[in-house]
Amino acid sequence: MKIAASLVALAIALVLVSTAPASEPLKALIVDGQNNHGCWPRTTKMMKKYLEDSGLFTVDVVTHAPQGADPNFKPKFTDYAVVVSNFGHGAAAWPAETKTVFEDYVRGGGGLVVIHAADNSFPEWPAYNEMIGLGGWGNRNEKSGPYVYFGEDGKLVRDTAPGPGGSHGPQIEFPIVIRDAGHPVTKGMPATWMHAKDELYDSLRGPATNMEVLATAWCPKTKRHEPMIMTISYGKGRVFHTPMGHETYSQECVGFITTLQRGSQWAATGTVSVPLPADFPTAEKPSSRPAG
Ligand SMILES: [Zn+2]
């Protein structure tokens, strides 16, 4: 009888699995509205298209008032599997209630994707700094947390010496070096790939707790290997963070596009099914898709 009951249970389980919606699109929300990068309306459109092009996402956008605080900025985060921030430096603090709802959303298992200057935002918001792991500018310094980089020995360094958080040199093309090839986001990527012209953020600082650095870039200015692809866990939530993506041409990089698609899927679900495209950059050659 026991075996028969187990078989019935197994049959029911199989039916449930087979009838589960296999390709229900993931809901993504891009939040924007205040960014020191004037291209933000364009990069929001580009990132929306990149996510939709993956075939995995439907994407909504909620835009904060352009100046000052916005008491009406109350996105329904819990409707989404992942929130992508296209905010930037100097963004006004979100309403207290929105901050609390957002913290609960990520802590409860929501996904967050942090692009470029979104790691400049909200220096005074402790929970946000924990979510992004590392940030820059906004008077960030050693009090914000250690400066995190990779040493020549390939080991992660948490440098607590005093100094400002956040800097960059002239825009250049630069190689991205994969440090964890086993992570779903980086799996199958060339060990080194050439990123299109971008700002190479350096000297980022933050709590850097529960953070893994998946890729770095050697910075000619600091002569250190700066974090370029990071994952952070915050409660049950997954955060994907890349300081890449300064301008539209930076976001046209196929490496950026693939990393965004994979990072967003990972933040939403913990898994990645986005394949590496045939036009992915190589160690020597960057590769871009003009957004038109
Ligand atoms: Zn920038």
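All values below were derived from every heavy atom in this structure, side-chain atoms included, with hydrogens, water molecules and symmetry-related copies excluded. Please read these numbers as outputs of a predicted model, since none were measured by experiment. Counting starts at 1 for both ligands and their atoms, following the listed order.
Side chains of Glu199 and His116: a donor-acceptor N/O pair is present below 3.5 angstrom, by distance only.
Listed by chain and residue number, Asp202 satisfy the salt bridge (charged side-chain N to carboxylate O under 4.0 Å, His left out) test with Lys221 (two or more places apart in sequence, or in another chain). Residues meeting the salt bridge (charged side-chain N to carboxylate O under 4.0 Å, His left out) test with Glu142, sequence neighbours left out: none. Applying the side chain to side chain contact (heavy atoms under 4.5 Å, CB included) test to Arg179 and every residue at least two apart in sequence or in another chain returns Phe150, Val177, Thr216, His225.
The ring of Phe87 has its center no closer than 6.0 angstrom to the ring center of Trp40.
No more than 12 heavy atoms of other residues, nucleotides or ligands lie within 6.0 Å of CG in Asn139, so this atom counts as exposed by the packing criterion.
Neighbouring protein atoms of the Zn ion (ligand 1) (N, O or S, distance under 2.8 Å, waters ignored): His37 NE2, His116 NE2, Glu199 OE1, His246 ND1.
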